[in-house]
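Down below is the structure, laid out as structure tokens.
So that the names make sense, note that chain A is the first sequence line, chain B the second, and so on, each numbered from 1.
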Amino acid sequence: MTEQVKITLPDGSQRDVARGTTPAEIAAAIGPGLAKAALAAKVDGELYDIMRPLEADAQLALVTAKDEKDALELVRHDFAHILAEAVQALFPGTQITFGPATDDGFYYDVAAPASRGPFTEEDLPAIEAKMREIIAADKPLRREVWSREALIERWASQGESFKAEWAAELPGDEDLTVYWSGNDWLDMCRGPHLASTGKLDPQAFKLTRVSGAYWRGDQKNAMLSRIYGTGWLNKKQLDAHLLRLEEAAKRDHRRLGQEMDLFHLQQEAHGSVFWHPNGYVIYRALEDYMRRAVNGAGSKEVKTPQVMDARQWEQSGHWGKYRENMFVIPDETPNIEDDGPMVSNDAQWMALKPMNCPAHILIFKQGIKSYRDLPLRLVENGCCHRNEPHGALHGLMRVRQFTQDDGHIFCREDQIVDEVQDFCKLADRVYKDFGFTYSIKLALRPEKRFGTEEMWDLAETELRDAVVRAGLATEEYGWEELPGEGAFYAPKLEWHLTDAIGRTWQVGTIQSDRVLPERLDANYVGEDGEKHRPVMLHRAIFGSYERFIGILIEHFAGKLPVWLAPTQAVVATIVSDADDYAKEVVAKLAAAGIRAETDLRNEKINYKVREHSLAKVPNLLVVGRREAEEGTVALRRLGSDEHQKVMTVDGVIAQLVAEATPPDLR
RNA sequence: GCCGGAUUAGCACAGUGGUAGUGCAGCGGUUUUGUAAACCGAAGGUCGCGGGUUCAAAUCCUGCAUCCGGCACCA
């Protein structure tokens with residue numbers, strides 16, 4: 001053990017310093033500016049408190065606000081601690097549990113004192129004020145290492161039962177780190193933290209909401225109060241973030257769905273969509289698009305029953321595994337007139353389909369299938385009903401009745417990789433046609449699963465190989481494997497779309513399933529004349545029409561590409577003298593296949609422009625006396641910054657027809 | 001399903017124990033208008049549903065339903 005340690009800085013220079021020197025001291029030695037700016041250190045690539053002594057030779061980099069990702073993480077984590085301290089200061093008896101940084105801020109889960117009930121948003125202003133007090137006091141955060149026993153004892157003596165439980169159950173047998181912060185407030189934490197609360201900008205955070213959250217994320221556990229905040233390095237960043245939230249709210253498909261008259265939802269059919277004429281145009285355009293795409297890929301479209309006998313669901317395993325999400329109906333007329341039982345004791349039950357797969361196997365099983373019939377690719381715009389937990393319902397994104405662009409490929413073992421690879425190519429083309437970038441993830445075997453380890457090894461390898469061969473297992477495609485996230489019967493490849501404001505949505509999937517063909521006894525005759533079990537690939541690209549349309553609305557902020565826009569052009573008159581001409585233009589547009597309407601109302605052109613702009617009509621063709629005389633239109637594109645352009649009717653039609661052509665037909 | 005909040009005219013919202021209001025839309029009229037809201041007028045409501053307290057309830061209490069924000073679950 002030497003008393004000197006060798007510290008290597010990012011520029012390659014080296015310094016010999018006494019063991020126990022802190023990164024803060026080294027920063028000070030380099031210069032006062034750096035000393036002030038340094039928030040934390042990276043020691044051999046690991047984030048370190050700036051006050052934590054260096055005990056060995058190391059690569060050292062000082063983290064400043066310029067290292068935004070690390071700096072934000074530190075700041076948010078500090079805000080979380082201060083939040084918890086503030087809550088305990090204001091509401092004695094509150095227990096603390098866990099409080100991490102998030103993508104845009106932080107939260108802390110606390111258990112409110114039994115005497116007062118859960119926290120509400122009304123409590124937030126007081127908590128924020130207290131947090132600012134703690135920040136202003138500018139007290140240092142100090143790291144200490146405690147023995148597990150001492151820490152458990154401390155938590156127990158303070159009545160912190162959640163912390164005590166957690167300290168006892170943290171894996172490993174090492175000592176635990178704690179931090180003192182604020183007004184001698186202790187939390188168990190891996191760190192790192194800033195040197196002092198004064199490093200935080202008291203105007204750079206805002207508490208945003210309160211909600212319930214289960215202790216350790218488990219429904220069986222206590223419900224805690226989760227207090228959310230957003231936290232940044234400075235007020236400018238915070239304001240920019242709040243503005244982004246407002247912009248995101250303007251894209252909300254529920255709001256745009258109403259403004260654009262696309263669909264509605266109502267109490268009497270909650271979780272099921274009423275598609276209005278405008279919205280159903282989008283829906284049908286997508287159906288047509290998908291039919292062309294999958295037919296081109298060698299699939300055959302089928303349609304299967306909405307309701308099947310419960311015995312069928314028993315055999316497929318859904319009755320046992322999925323019944324609580326299924327709508328079950330008696331196969332008799334329920335007695336609703338008398339007080340007696342609604343259904344007879346020996347009632348037969350049926351259920352609305354929550355998935356299409358069993359029905360597709362039943363089609364496969366009709367007649368004898370030869371190895372020559374494989375791969376057999378069945379697709380269906382399959383309308384499914386799932387009785388989702390009520391708290392999960394959300395606009396078009398989570399509904400109880402939805403239509404999947406579902407499909408099942410029945411194939412031999414040796415065909416799997418080719419089929420998956422072809423599917424990757426198909427999905428790639430579809431997502432690019434809609435302007436999405438995406439990432440692909442492989443969800444690996446979950447804890448609870450059917451089948452042998454060998455089967456899972458095989459299934460995971462097949463899917464991985466197919467993506468590698470399709471050239472998509474790269475960083476560009478966000479390739480990632482997710483341990484434990486697969487379905488109980490199969491690993492899943494998942495396609496996650498990234499939308500215009502950076503959010504991700506899981507839509508497409510392909511899964512290789514050997515369980516369901518077994519349960520429903522599907523087989524084909526092989527070259528050897530023997531019966532064999534086909535593998536079943538479950539696959540979808542949109543996922544569901546409902547959710548995909550929701551994503552499209554938000555991605556485009558309602559300004560759908562012309563080929564999807566419900567109304568592609570409105571011909572608006574300035575004076576009633578142009579009415580006949582407007583009708584003529586619309587007739588020509590309609591004849592060319594454009595969804596066009598007239599607006600002959602007795603309103604000023606300003607009014608019409610505003611109204612059709614808000615309705616997100618992509619093309620407004622303005623006609624007055626001049627245009628009627630000259631046989632032209634003044635084309636105004638959606639978005640007021642683009643100037644209008646006077647064009648001939650034929651010119652406009654040619655342009656609109658080009659834009660209204662679906663991307664796969666261009 | 002769990003925690004919290006909400007539900008008033010087609011839409012957005014005000015109204016906290018004493019005669020239900022505003023703006024926009026819709027309807028009738030005037031205006032013929034050149035690129036994001038012309039003017040005037042008359043209408044429009046079992047205040048989510050049920051029960052209770054009160055002389056009196058949109059308002060207070062209570063049960064239920066739906067919605068919103070999260071949690072858990074998920075296409």
Out of [options], which nucleotide sits closest to the side chain of [X]?
X	options	result
A:R547	B:C2, B:A36, B:C74	B:C74
A:E627	B:U35, B:A72, B:G34	B:G34
A:A213	B:C68, B:C71, B:U32	B:C71
A:Q258	B:C67, B:C73, B:C11	B:C11
A:V575	B:U35, B:A36, B:U32	B:U32

Spacing of [X] atom [atom1] relative to [N] atom [atom2], expressed in whole Å:
X	N	atom1	atom2	answer
A:Y214	B:C71	OH	C1'	6 Å
A:N356	B:A75	CG	P	13 Å
A:L256	B:C11	CG	P	17 Å
A:R398	B:C74	CZ	C1'	3 Å
A:H276	B:G10	NE2	P	15 Å
A:R386	B:G1	CZ	C1'	18 Å
A:R626	B:U32	CZ	P	19 Å
A:R226	B:C2	CZ	C1'	13 Å

Identified pairing partner of [N], criterion: Watson-Crick or G-U wobble below 3.5 Å:
N	value
B:U35	none
B:C2	B:G70
B:A58	none
B:A65	B:U7
B:G17	none
B:U22	B:A12

Basic-acidic side-chain contact under 4.0 Å: [X], [Y]:
X	Y	answer
A:E259	A:R255	yes
A:K130	A:D123	no
A:E301	A:R377	no
A:E659	A:R637	yes

Taking the cut-offs as 6.0 angstrom to the six-membered ring centre and 45 degrees off its axis, would you call A:R226 and A:Y107 a cation-pi pair?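 Yes; both conditions hold, so A:R226 lies above the ring face of A:Y107.
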Taking the cut-offs as 6.0 angstrom to the six-membered ring centre and 45 degrees off its axis, would you call A:R547 and A:F542 a cation-pi pair?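 No, A:R547 and A:F542 do not form such a contact.
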Can you name the residues that form a salt bridge (Lys or Arg N to Asp or Glu O under 4.0 Å) with A:R209, not counting sequence neighbours?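 Checked A:R209 against salt bridge (Lys or Arg N to Asp or Glu O under 4.0 Å); zero matches.
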In chain order, what residues pass the salt bridge (Lys or Arg N to Asp or Glu O under 4.0 Å) check against A:D261, with sequence neighbours excluded?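 So A:D261 forms no salt bridge (Lys or Arg N to Asp or Glu O under 4.0 Å) with any residue.
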Counting only distance, no hydrogens or angles, is the base of B:A75 paired donor-acceptor with the side chain of A:E388 under 3.5 Å?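 Yes, a donor-acceptor pair under 3.5 Å.
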Say you pick atom [atom1] in [N] and the same atom in [M]; how far apart are they, in whole Å?
N	M	atom1	answer
B:U16	B:G21	C1'	15 Å
B:A56	B:G44	P	28 Å
B:U19	B:A57	P	12 Å

Taking ring pair (Phe, Tyr, Trp, His ring centres under 6.0 Å) as the definition, give me every residue that meets it alongside [X], ordered by chain and number, with sequence neighbours left out.
X	answer
A:W505	none
A:F106	A:F79
A:Y322	none
A:Y283	A:W275, A:Y280, A:Y545

Quick one: list whatever passes side-chain hydrogen bond (donor to acceptor under 3.5 Å, both in side chains) with A:D580, sequence neighbours left out.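 A:D580 satisfies side-chain hydrogen bond (donor to acceptor under 3.5 Å, both in side chains) with no residue once adjacent residues are dropped.
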RNA chain B contacts among [range], heavy-atom distance under 4.0 Å:
range	value
residues 216-224 of chain A	A:G217, A:Q219, A:M223
residues 242-251 of chain A	none
residues 102-121 of chain A	A:P118, A:T120

Distance-only donor-acceptor check, side chains A:H253 and A:E554, under 3.5 Å: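 Checked: A:H253/A:E554 side chains pair up, N/O donor to acceptor below 3.5 Å.
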Between the protein and nucleotides 24-27 of chain B, list the N/O to N/O atom pairs that are separated by less than 3.5 angstrom.
from, atom 1, to, atom 2, distance (Å)
B:A25, OP1, A:Y607, OH, 3.4

Measuring to OP1 and OP2 of [N], would you say a side-chain N or O of [X] lies under 4.0 angstrom away?
X	N	result
A:H394	B:G69	yes
A:R254	B:C68	yes
A:R636	B:A36	yes

Kindly say whether A:T97 contributes a backbone atom to a donor-acceptor pair with the side chain of A:K163 at under 3.5 angstrom?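 Side chain of A:K163 to backbone of A:T97: a pair is present.
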A:C383 backbone acceptor or donor facing A:Q306 side chain under 3.5 Å: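 Yes.
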Going 5' to 3' through nucleotides 39-48 of chain B and flagging B where a protein heavy-atom sits under 4.0 Å of the base, S where only the sugar-phosphate is that close, and - otherwise, we get ----------
